[in-house]
Amino acid sequence: MNYRLITLALCFVGGSAWAEQCLAPKPFIKLASEQASQYQFDAIMEKTTAMSFSNSHQKTAQEPISQKPQTKVMNFWATWCKPCRAELPLLDQLKAANAADIYLVNIGDSEKSVKRLVSEIKIDYADIRHSKDDLLSELSLVGLPATFVWANRQTVFRGMGKLHDKQAIKTWLNCLEKQFDTN
Amino acid sequence: MRYFLKYCLSVVLVSGFSLALAAKPLTFSLNKQVDNKAVKVDQNSWKGKYLLIAVGYTGCPDICPTTLLDMRETLAELDKIAPKKVGEVQPLFITIDPESDTLSDITRYTGFFDPRITGLRADDFDTLDNVVSQLHASYGYQFEGKPVFPPNLPKGYTVMHSTFIYLYSPEGLLVDAYPYNMHGNILARRILERLP
């Protein structure tokens, strides 16, 4: 009987620990600490500029929250990149659901073409920013789309390629956010 | 199979570009779009210019290579450091997926980057193979993990291709080849070293 109880307890503890790891969905991988140190959120943000939009853009999140999410997501995209265009609504929906603090950084397109696309595919919630082409080489990115997630200053995830599973990503981001709360 | 063999061959050739320098002058006959109409172009259509050539396609399903961003950056860098020489270089982008890419698609796609980059499309696969083999580039198609071949490409096939950027002299001779992701500012300087 005691053994059964101990086994159950171990399963419970083990299961909780597993959940707390917040397993990253595809295509995200956790960067090694040395590599992660090269991708500081604030430093990258400084190399981008905010874009202003008409009143149809920048709605506030649908789900009321007590505070802004601490988990940060930065997605790099371009108008010529088909998978980028396809995943932008998914990221916007995650922002609408307050799953994370999300920034969509356009690489090198004209302001006019960015605004046209944003209007066409209705990006209403995420912050849209702009950067020059050379940011990609500075970040050693060999393709687009690319998405970074900062769970905290030391823990950085990178996803190369199109994001597919909104629910899995949302669950993961929520898990990361809870870890933030407990840190 | 011929595409696979071509891929293997290109790996060998890429590792020994000095051999390719002795190749015959480049010749091709492809289409570009002018005023919504297809216009035939060949190796003599840009007389006196160096041709900066890459191959690729517009429909990257999951992740898009940044070859044309490198070309755009290269042109921007040349504008800055050698404005009198930038006009001596003509960037060309040849689709290796003419089954999916229309001439309008490839023209629109290159236009996203820089209007000076000309998108080109072959009329048929023999014409495409001819130019691709001269470049020592390679391409092929897969479906469910297995190679598939034109003209019977199944819906949902994926495309693979080599990613070098080639510089040809006005005489049609290979001058240099640059690996993927070299970045425009370096590429521009490497090209300038090759210009007279």
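Only a predicted model underlies this, so the values are computations on that prediction, with no experimental measurement involved. Labels below follow one simple rule: chain letters A, B, ... track the order of the sequence lines, proteins then strands, and each chain is numbered from 1. Just so you know, these numbers use all the heavy atoms, side chains as well, and skip hydrogens, waters and symmetry mates.
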Can you get from I29(A) to L23(A) by hopping between Ile, Leu, Val, Met, Phe, Trp and Tyr side chains that sit under 4.5 Å apart? no
Does R116(B), at its CZ atom, have more than 12 non-hydrogen atoms belonging to other residues, nucleotides or ligands within less than 6.0 Å? yes
For the NZ atom on K47(B), are there more than 12 heavy atoms of other groups (residues, nucleotides or ligands in this structure) within a distance under 6.0 Å? no
Under 4.5 Å between side-chain heavy atoms, hopping through other hydrophobics if needed: is there a path connecting F93(B) to V34(B)? no
Common cluster, V148(B)/V132(B), ILVMFWY with side-chain heavy-atom separation under 4.5 Å: yes
For K80(B), look at atom NZ and say whether over 12 heavy atoms of other residues, nucleotides or ligands are found less than 6.0 Å away. no
For chain B, find its close neighbours in residues 39-47 of chain A: heavy-atom separation under 4.5 Å, sorted by number, or none. none
hydrophobic_cluster_shared for F143(B) and M160(B), side chain cutoff 4.5 Å: no
Aromatic rings F113(B) and W80(A): how do their planes relate, parallel, tilted or perpendicular, breaks at 30° and 60°? tilted
Could you name the residues of residues 132-149 of chain A that have a heavy atom within less than 4.5 Å of a heavy atom in chain B? D133(A), D134(A), L136(A), S137(A), L141(A), V142(A), G143(A), L144(A), P145(A)
Using a cut-off of 6.0 Å, state whether more than 12 heavy atoms not belonging to K82(A) lie near its atom NZ. no
Minimal non-hydrogen separation, P83(A) against C64(B), with atom names: CD-SG, 3.5 Å
Are Y180(B) and Y57(B) linked, directly or through other ILVMFWY residues, by side chains that come within less than 4.5 angstrom of each other? no
Under 6.0 Å from the CD atom of E99(B), do we count more than 12 heavy atoms belonging to anything else shown? yes
Which atoms of N181(B) approach chain A - backbone, side chain, both or neither, heavy atom under 4.5 Å: side chain
Minimum heavy-atom distance D62(B)-H164(A), with the two atoms named: OD1-NE2, 2.9 Å
Enter the distance from C81(A):SG to F112(B):CZ here, rounded to the nearest 0.5 Å. 10.5 Å
